[in-house]
Amino acid sequence: MDEGIDFERDELIARFRQYLHDPEHKAFFSHDDIVEIFDYAGDLNDDYVRIEALIYAARYFPESKDMEQRRLIFYSDTYPLAAKEFIQDHGGDEPDRPLFQRLIAIKEKYCDDDNRDNAIVAFERILAEKPKMNDEETIRFVNAVNDCDCLDWLEQNLKHIATYSGNKACLLYELAMFLLDQVEYARALPIIEKLVSEKPFVLSYWELLLESQVNSQADDAEINDTIETILAIDPENEQALKQKFLMIYHEGGNPDLLSEIVYHIPNDAQIMRLYIRTLVDHGRKAEATDYIKSRLKADPLDYEALISNYFVAGHKACIKAIKQAFATPEARAKVSPSKWYESIKTLDTVKSAIAGYALMLWILEEYDHDELPEWWTSTLIINAFDRCKYKYVVDAVEADPTFMQRCDMVLYTMVTCAYAKTGEYETALEMCNNGIIYSGRLWPGIEDSSPHWTLLYHRCLDILMDISSKIYEAKETDMPPIFSGNPFGVHAPRD
């Protein structure tokens with residue numbers, strides 16, 4: 001929460017880990033230290049340190065009620081059945097029980113209850129006793145409210161509930177983080193605005209505010225104000241600089257303004273791509289070329305820059321440079337197919353997409369098939385077929401010999417069409433005959449599937465018969481067969 005306090009806690013955790021690592025290391029931790037170590041290890045999801053803190057407490061502070069309750073917290077987080085037994089053995093959720101225990105009891109009792117009102121009544125019963133919650137109790141209170149699906153109740157009663165927390169910022173932060181985890185940016189925004197008002201010099205809170213403003217489509221002026229505040233605190237802040245770049249880009253993209261920002265965040269792939277395309281769009285292709293060369297000089301295997309080079313050098317030069325840079329197995333091993341695909345998706349214009357097909361085909365040919373995602377070949381085939389780039393479909397099948405053994409009927413029909421479109425008539429005819437004659441064996445049970453797949457099944461049979469008849473007719477007339485553009489009236493479902 002507070003960055004200064006976190007630094008102190010980091011040091012405390014480090015000392016405790018040193019004690020665990022070296023049995024000869026003489027160190028003693030006070031009761032308060034062990035409580036702090038356990039709590040902060042929970043924030044870090046470090047169960048090893050939490051367990052060791054409990055063991056340390058059992059040895060040196062066996063009567064500690066604070067650590068007894070933290071044992072319950074550990075049970076609740078990791079062994080819910082043990083937590084229930086602990087609660088039963090220690091007085092349940094009666095008013096005289098510690099607050100941690102009562103909150104965990106509410107969670108265990110009502111988290112799966114369809115009627116949230118029962119949980120709300122239990123929370124209000126606690127508040128009626130006017131507790132003074134410390135930081136950890138505040139965190140556990142918000143956790144329990146979230147587990148019982150009552151965050152909206154907390155939002156509506158925030159001002160009242162805040163009077164019972166010794167740290168309002170802690171309450172606001174925990175609530176905001178749960179809302180952000182649920183991608184509820186619009187709901188989180190007013191909470192985070194209160195948080196930065198409460199703690200105006202904590203940089204991470206301003207970063208949360210910027211994230212919420214951007215994702216809830218707040219007013220540009222408000223976003224700009226937040227960006228400038230962050231940069232006043234930290235002039236090198238990458239999140240704020242990136243958002244500033246994007247705002248300038250979407251307002252027309254002044255290359256001179258953008259270049260100042262690019263200098264400060266050189267490793268952001270999205271910024272690099274947009275900067276290159278902006279330079280090209282503004283007729284400054286030479287600058288884009290120099291920029292790409294500077295990146296490749298620093299890292300000859302900068303695949304992001306090599307792919308973006310398409311918008312500067314064009315299809316052939318782009319593909320040639322990539323193949324040269326990644327000619328060896330050692331070079332290819334540095335970039336996984338999944339990373340390639342994420343970058344290939346940025347080739348998002350009609351013409352650049354074709355370069356993407358060429359790259360996917362090259363990867364299919366050069367990488368070990370065990371390294372490729374299962375969907376690689378089918379994705380290439382579907383996208384290339386949709387753009388009538390049938391040669392890529394045929395080449396993809398040739399590069400993946402087992403594909404025809406595992407494809408569905410729609411993909412089988414697409415491949416058959418592609419062979420016919422590229423003049424491979426005998427192969428297409430053989431595939432038509434096999435698909436028609438053996439359809440029941442190749443794709444058993446498809447007619448019993450959803451109506452959509454049943455429609456596709458019969459449509460595929462019609463297409464295969466149509467291709468077959470056109471090839472036979474062409475043989476009789478000694479003329480090339482004529483096929484329609486895209487024979488599918490429907491497309492394969494994208495699951």
Side-chain angles (χ1 to χ4, degrees), residues 266-277 292 295-408 410-412 414-415 418-419 422 491-495:
N267 298 320
D268 190 295
Q270 181 189 14
I271 296 302
M272 178 270 296
R273 289 193 295 267
L274 294 178
Y275 181 55
I276 290 170
R277 292 173 74 162
I292 291 172
R295 290 187 65 97
L296 293 176
K297 184 177 181 181
D299 178 9
L301 299 182
D302 185 345
Y303 68 100
E304 300 273 11
L306 285 165
I307 286 180
S308 290
N309 189 41
Y310 168 88
F311 296 101
V312 179
H315 181 125
K316 289 184 179 179
C318 171
I319 302 300
K320 181 180 178 181
I322 290 172
K323 289 182 177 180
Q324 287 177 343
F326 290 89
T328 66
E330 292 77 18
R332 292 193 293 272
K334 293 182 181 298
V335 183
S336 69
S338 295
K339 285 184 178 179
W340 277 114
Y341 185 70
E342 288 304 311
S343 190
I344 287 169
K345 287 194 297 185
T346 65
L347 297 170
D348 53 5
T349 64
V350 173
K351 288 185 177 180
S352 66
I354 298 169
Y357 309 152
L359 282 173
M360 290 188 73
L361 180 61
W362 168 72
I363 290 166
L364 184 60
E365 292 170 339
E366 296 296 333
Y367 277 71
D368 190 317
H369 285 192
D370 291 339
E371 299 177 65
L372 296 174
E374 186 178 346
W375 45 263
W376 191 272
T377 305
S378 59
T379 298
L380 171 55
I381 287 172
I382 290 170
N383 289 331
F385 186 90
D386 195 48
R387 295 287 176 86
C388 301
K389 298 300 175 182
Y390 303 113
K391 185 66 166 63
Y392 286 110
V393 175
V394 171
D395 289 345
V397 173
E398 299 291 338
D400 186 353
T402 66
F403 177 75
M404 298 308 296
Q405 300 169 20
R406 63 181 193 271
C407 72
D408 61 35
V410 175
L411 285 166
Y412 183 94
M414 285 182 176
V415 171
Y419 273 108
T422 54
H491 293 279
R494 306 293 201 268
D495 291 331

Exercise. Check step by step if side chain to side chain contact (heavy atoms under 4.5 Å, CB included) holds for I276 and R295.
Key: CA-CA 12 Å; I276 290 170; R295 290 187 65 97; 5.6 Å; no
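- Counting heavy atoms from C-beta on, the side chains of M272 and N267 never come closer than 4.5 Å.
- Considering CG of N309 and CD1 of I319, their distance stands at 10.0 Å, rounded to 0.5 Å.
- Using a 4.5 Å cut-off on side-chain heavy atoms (C-beta onward), L411 and F385 make no contact.
- Contact annotation: the side chain of Y357 approaches that of R387 to within less than 4.5 Å [non-hydrogen atoms, C-beta and beyond].
- Not a single side chain to side chain donor-acceptor pair (under 3.5 Å) links S308 to another residue, sequence neighbours left out.
- Taking CG of D395 as the reference point, atom CH2 of W362 lies at 16.0 Å (rounded to 0.5 Å).
- Here the closest heavy-atom approach between residue A305 and residue L296 is recorded as CB-CD2, 4.4 Å.
- Between D299 and E304 there is no side-chain heavy-atom pair separated by less than 4.5 Å.
- Side-chain atoms of L301 and V335, non-hydrogen and from C-beta on, never get closer than 4.5 Å to each other.
- Salt bridge status for R332 with D368: absent, with no side-chain N to carboxylate O gap under 4.0 Å.
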Quiz prompt | Evaluation steps, side chain to side chain contact (heavy atoms under 4.5 Å, CB included), between L372 and D400 | solution = CA-CA 11 Å; L372 296 174; D400 186 353; over 6 Å; no
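- Contact annotation: the side chain of P373 approaches that of W376 to within less than 4.5 Å [non-hydrogen atoms, C-beta and beyond].
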Just distance, no hydrogens or angles: give the donor-acceptor pairs under 3.5 Å from side chains in residues 346-353, sequence neighbours left out.
from	atom 1	to	atom 2	distance (Å)
T346	OG1	S343	O	2.5
D348	OD1	R277	NH1	3.2
D348	OD1	R277	NH2	3.0
T349	OG1	S352	N	3.2
T349	OG1	S352	OG	2.6
S352	OG	L347	O	3.4
S352	OG	D348	N	3.3
S352	OG	T349	N	2.9
S352	OG	T349	O	3.2

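- Residue K339 qualifies as open at atom NZ: its count of foreign heavy atoms under 6.0 Å is 12 or below.
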Exercise. Dump the intermediate steps for side chain to side chain contact (heavy atoms under 4.5 Å, CB included) on H369 and L364, then the final yes or no.
Key: CA-CA 7 Å; H369 285 192; L364 184 60; 3.9 Å; yes
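- Atom NZ of K334 is separated from atom OG1 of T328 by 9.0 Å, given to the nearest 0.5 angstrom.
- The two atoms that bring V410 and D408 nearest to each other are N-OD1, 3.1 Å, heavy atoms only.
- Residue pairs meeting the ring-ring contact (aromatic ring centres under 6.0 Å, His included) criterion with at least one partner in residues 309-332, sequence neighbours excluded, are F326-W340.
- With values rounded to the nearest 0.5 angstrom, E398 atom CD is found 10.5 Å from E365 atom CD.
- Here CD1 of I381 is found 3.5 Å from CZ of F403. Values are rounded to the nearest 0.5 Å.
- A321 and L306 make their closest contact through CB-CD2, 4.1 Å (heavy atoms, listed as atom of the first residue, atom of the second, distance).
- Rounding to the nearest 0.5 Å gives a distance of 7.5 Å between CZ of R406 and OG of S378.
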Self-check item: CA sep, side-chain torsions, deciding dist, call: Y392, I354, side chain to side chain contact (heavy atoms under 4.5 Å, CB included)
Solution: CA-CA 9 Å; Y392 286 110; I354 298 169; 3.9 Å; yes
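- Within the 4.5 Å cutoff, the side chain of V415 has heavy atoms near those of the M404 side chain.
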